[in-house]
Amino acid sequence: MLRKSGRLRAGDLTCKGNPTKVSLAYIPFLAIYRSAHGQQNLWAITKKDFKRTNSHQRHAEELTGLTGDEAWEKYEEMADEFLKKEIDGEDMEGFVSEGGWLFKFQHSTGLFGILSDKGTISTLYIPDEKICKMTPEEYWKEQIRKYGKEP
């Protein structure tokens, strides 16, 4: 858990009840988030608040090739790892929306993910051209158009 001061201390984050260190990949997100929102809502970064819905379960099974709880656990790990990856502006792109949500897209894999304004994983999937009627690249550009902030 992050303190109201925005400073991280040993044991502030936990994983399965055990204190863990903060990934440095979150630090740029926190800096961007804090500059956009001050201290408000700067609390937890945890994959365990990820809500399991039918669409998330479908994404989990499609991405992992597994089923049931096994697919869900692997999906949580994949989403957590994906959202921690550094935005390099080339293969991995990303932005923070006006609402404080982090959007990320990886060109090499077509993966698209969102981290909520509360620091919880919202989704991870490869946009399906049959469903969205556009390629993953086009889908990413549409998300930028809809939710990206004007510079």
Side-chain angles (χ1 to χ4, degrees), residues 1-2 6 8 12-37 40-149:
M1 202 165 196
L2 296 177
L8 297 171
D12 281 350
L13 297 180
T14 60
C15 180
K16 297 183 181 178
N18 298 317
T20 185
K21 292 184 180 177
V22 177
S23 166
L24 293 178
Y26 280 129
I27 302 306
F29 166 70
L30 294 175
I32 291 167
Y33 188 88
R34 191 176 324 150
S35 70
H37 297 281
Q40 97 184 36
N41 293 329
L42 195 58
W43 290 104
I45 296 175
T46 177
K47 64 183 183 184
K48 292 304 169 195
D49 290 333
F50 197 5
K51 292 183 182 176
R52 187 174 182 172
T53 65
N54 287 340
S55 65
H56 286 121
Q57 185 66 36
R58 188 179 71 248
H59 294 321
E61 292 176 2
E62 289 170 357
L63 286 174
T64 65
L66 304 169
T67 59
D69 291 342
E70 196 176 17
W72 184 253
E73 287 176 22
K74 181 67 176 168
Y75 182 63
E76 280 186 320
E77 289 173 21
M78 289 174 66
D80 190 53
E81 288 173 19
F82 176 80
L83 290 165
K84 286 179 182 176
K85 287 183 181 178
E86 190 170 329
I87 296 170
D88 61 17
E90 294 175 15
D91 184 42
M92 180 66 79
E93 289 190 53
F95 66 89
V96 177
S97 71
E98 284 190 29
W101 292 59
L102 175 65
F103 288 66
K104 291 180 91 172
F105 179 74
Q106 188 172 31
H107 293 275
S108 61
T109 62
L111 279 172
F112 171 77
I114 302 174
L115 187 72
S116 80
D117 62 337
K118 293 178 177 49
T120 58
I121 297 166
S122 174
T123 195
L124 176 73
Y125 61 95
I126 297 173
D128 186 337
E129 199 167 342
K130 294 174 192 163
I131 295 170
C132 0
K133 308 289 188 237
M134 55 184 86
T135 67
E137 299 277 339
E138 292 167 333
Y139 184 82
W140 172 241
K141 289 177 184 171
E142 179 70 7
Q143 299 308 298
I144 294 170
R145 188 188 66 71
K146 281 183 176 178
Y147 304 106
K149 288 194 262 186

Do any N or O atoms from the side chain of [X] and from the backbone of [Y] form a donor-acceptor pair under 3.5 angstrom?
X	Y	value
Q57	G68	yes
T120	S116	no
K104	L83	yes

With rounding to the nearest 0.5 Å, note down the distance linking [atom1] in [X] to [atom2] in [Y].
X	Y	atom1	atom2	value
H107	M92	NE2	CE	9.5 Å
E77	W72	CD	CH2	12.5 Å
I114	L124	CD1	CG	10.0 Å
T64	M78	OG1	CE	7.0 Å
E61	K74	CD	NZ	15.0 Å
T123	F82	OG1	CZ	10.5 Å

So Y147 and F103, would you call those rings parallel, tilted or perpendicular, with 30° and 60° as cut-offs?
->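 Rings of Y147 and F103: parallel, as their planes differ by under 30°.
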Look at the aromatic rings of Y75 and H59 and report parallel, tilted or perpendicular, splitting at 30° and 60°.
->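 The rings of Y75 and H59 sit tilted, inter-plane angle from 30° to 60°.
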Do [X] and [Y] have side chains that approach each other closer than 4.5 Å (heavy atoms only, starting at C-beta)?
X	Y	answer
P136	F105	yes
I126	T109	no
I121	L115	yes

For D128, all residues meeting salt bridge (Lys or Arg N to Asp or Glu O under 4.0 Å), sequence neighbours excluded |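 D128: no salt bridge (Lys or Arg N to Asp or Glu O under 4.0 Å) contacts found.
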Could you list all the salt bridge (Lys or Arg N to Asp or Glu O under 4.0 Å) pairs where at least one residue sits in residues 137-148, not counting sequence neighbours?
-> E142-R145
Identify the heavy atoms of G110 and P127 that sit nearest to each other, and give their distance.
->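 Heavy atoms only, the tightest pair is O-CD, 3.3 Å.
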Would the number of heavy atoms belonging to other residues, nucleotides or ligands and lying under 6.0 Å from CZ of F95 be above 12?
-> yes
